[in-house]
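Atom set for the values below is all heavy atoms of this structure, side chains included, hydrogens, waters and symmetry mates excluded. In this chain, residues are counted from 1 in sequence order.
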Amino acid sequence: MGIKKPPIYLFSKTPHPGVTHIPLLVTRHFFPAIDFSAYDLIIATSKEVFVSLEAMQPEWKAIPFLCISEATAKAAKDAGVRVADAAEGYGTSIEERVLQQHGREKILYLRAKVVASDFALSLRSAGVALDEAVVYETSCNAEVLGESIEEDAVLIFTSPSAVECFLSKQTLLPTQHLIAIGETTRAALPAKREVFMPERPSVALSVALAKKLIIGE
């Protein structure tokens with residue numbers, strides 16, 4: 001009989017093969033009236049943005065997107081829009097891309113009701129013409145918050161909101177290994193805990209990291 005390997009729990013909106021998926025978040029979408037003709041560039045920091053956009057008038061499809069990560073860029077391409085650039089998965093990289101390449105454009109940032117980064121404020125302070133529109137919000141999924149998590153588990157967190165929801169009902173045990181998909185998610189976890197991160201913000205890379213570095217596959 002082989003040694004039992006620790007289970008991997010993925011706290012994300014969508015599942016991934018080979019791990020236990022727990023959808024800690026539920027999403028509500030909004031559809032504000034937007035004059036897309038006023039903008040040269042749209043910033044998207046989540047695939048959820050495109051769920052809201054698909055219910056709006058299609059003028060947004062004529063505008064290039066700056067996406068926070070390759071995963072969001074893929075969602076943009078799947079929606080039929082041009083991706084001008086993709087950042088590295090956190091707010092500071094978005095800010096750097098805008099200042100270096102898009103600082104003179106009129107920009108629309110489509111975002112969640114609550115965000116983990118204040119890059120929009122920083123960009124406006126730097127003189128960038130940037131407007132914001134709230135197109136979705138996330139909240140904790142009460143149905144799964146009390147799920148039993150094994151003491152030796154590997155926990156993969158994919159957003160600061162997922163960390164917040166987890167900690168509202170669960171306790172991080174010293175025997176559990178933690179993986180954060182990126183810098184902003186890492187910042188939401190206890191500073192004194194060891195937290196692994198993939199080379200790039202990606203669920204697939206996070207799962208691969210769990211298997212390679214922690215479980216030994």
Side-chain angles (χ1 to χ4, degrees), residues 1-27 44-51 65-79 83 85-94 96-97 112 116-117 138 140-141 144-145 147-167 170-217:
M1 180 180 293
I3 299 174
K4 176 183 176 294
K5 293 183 179 180
I8 301 174
Y9 292 92
L10 173 65
F11 303 112
S12 69
K13 284 282 295 179
T14 55
H16 190 86
V19 299
T20 300
H21 174 236
I22 299 182
L24 281 180
L25 302 173
V26 291
T27 305
T45 58
S46 168
K47 294 181 285 185
E48 298 295 341
V49 164
F50 300 97
V51 177
F65 277 69
L66 169 57
C67 299
I68 195 168
S69 66
E70 291 297 336
T72 306
K74 182 181 183 303
K77 292 173 183 176
D78 290 345
V83 176
D85 203 354
E88 298 172 3
Y90 45 92
T92 53
S93 66
I94 284 276
E96 290 167 1
R97 297 295 173 89
S117 171
T138 57
C140 298
N141 184 354
V144 301
L145 285 180
E147 289 261 350
S148 178
I149 306 296
E150 296 187 42
E151 294 183 359
D152 62 344
V154 181
L155 310 182
I156 301 176
F157 294 96
T158 59
S159 70
S161 298
V163 174
E164 181 180 352
C165 287
F166 181 90
L167 294 178
Q170 304 272 1
T171 299
L172 291 173
L173 302 177
T175 51
Q176 292 169 336
H177 299 286
L178 310 182
I179 292 179
I181 196 171
E183 293 285 352
T184 54
T185 303
R186 170 63 186 96
L189 288 161
K192 294 182 179 180
R193 285 295 298 264
E194 181 179 32
V195 179
F196 296 96
M197 289 193 301
E199 292 182 0
R200 300 188 310 278
S202 159
V203 170
L205 291 178
S206 297
V207 172
L209 177 62
K211 294 179 177 180
K212 182 178 179 180
L213 296 182
I214 302 174
I215 299 182
E217 293 185 0

Practice task
Please answer whether the main-chain N or O of L145 pairs with a side-chain N or O of Q170 as donor and acceptor at a distance below 3.5 Å.
Solution key: yes
Completion exercise
When rounded to the nearest 0.5 Å, the distance separating CD1 of I156 from CD1 of I22 is 11.5 Å
Handout entry: Value rounded to 0.5 Å, distance of CD1 in I179 from CD1 in I8
Key = 7.0 Å
Practice task
Please work out whether the ring planes of F166 and F11 are parallel, tilted or perpendicular, with thresholds of 30° and 60°.
Solution key: tilted
Problem - Side chain T185, main chain I181, donor-acceptor under 3.5 Å - result: no
Problem - Donor-acceptor contact below 3.5 Å, side chain R200 vs main chain S69 - result: no
Practice task
Measure the CD-CG distance between Q176 and D152 for me, rounded to the nearest 0.5 Å.
Solution key: 8.5 Å
Practice task
Answer yes or no: is there a donor N or O on one side and an acceptor on the other, between the side chain of S46 and the main chain of V49, under 3.5 Å?
Solution key: no
Problem - Any L155 side-chain heavy atom under 4.5 Å of H177 side chain - result: no
Practice task
Verify, without hydrogens or angle tests, whether H21 (side chain) and Y9 (backbone) share a donor-acceptor contact under 3.5 angstrom.
Solution key: no
Handout entry: Backbone of L25 reached by a side-chain donor or acceptor of T138 within 3.5 Å
Key = no
Exercise for the section: Ignoring hydrogens and angles, tell me if any N or O in the side chain of N141 forms a donor-acceptor pair with the backbone of P23 under 3.5 Å. Expected result: yes
Problem - E164 atom CD, neighbour heavy-atom count above 12 within 6.0 Å - result: no
Practice task
Could you grab the distance from atom CG of L172 to atom CG of L167, nearest 0.5 Å is fine?
Solution key: 5.0 Å
Practice task
Write down the atom of L178, the atom of L189, and the distance for their closest heavy-atom approach.
Solution key: CD1-CD2, 4.4 Å
Exercise for the section: Would you confirm whether R97, through its side chain, and A86, through its main-chain N or O, come within 3.5 Å as a donor-acceptor pair? Expected result: yes
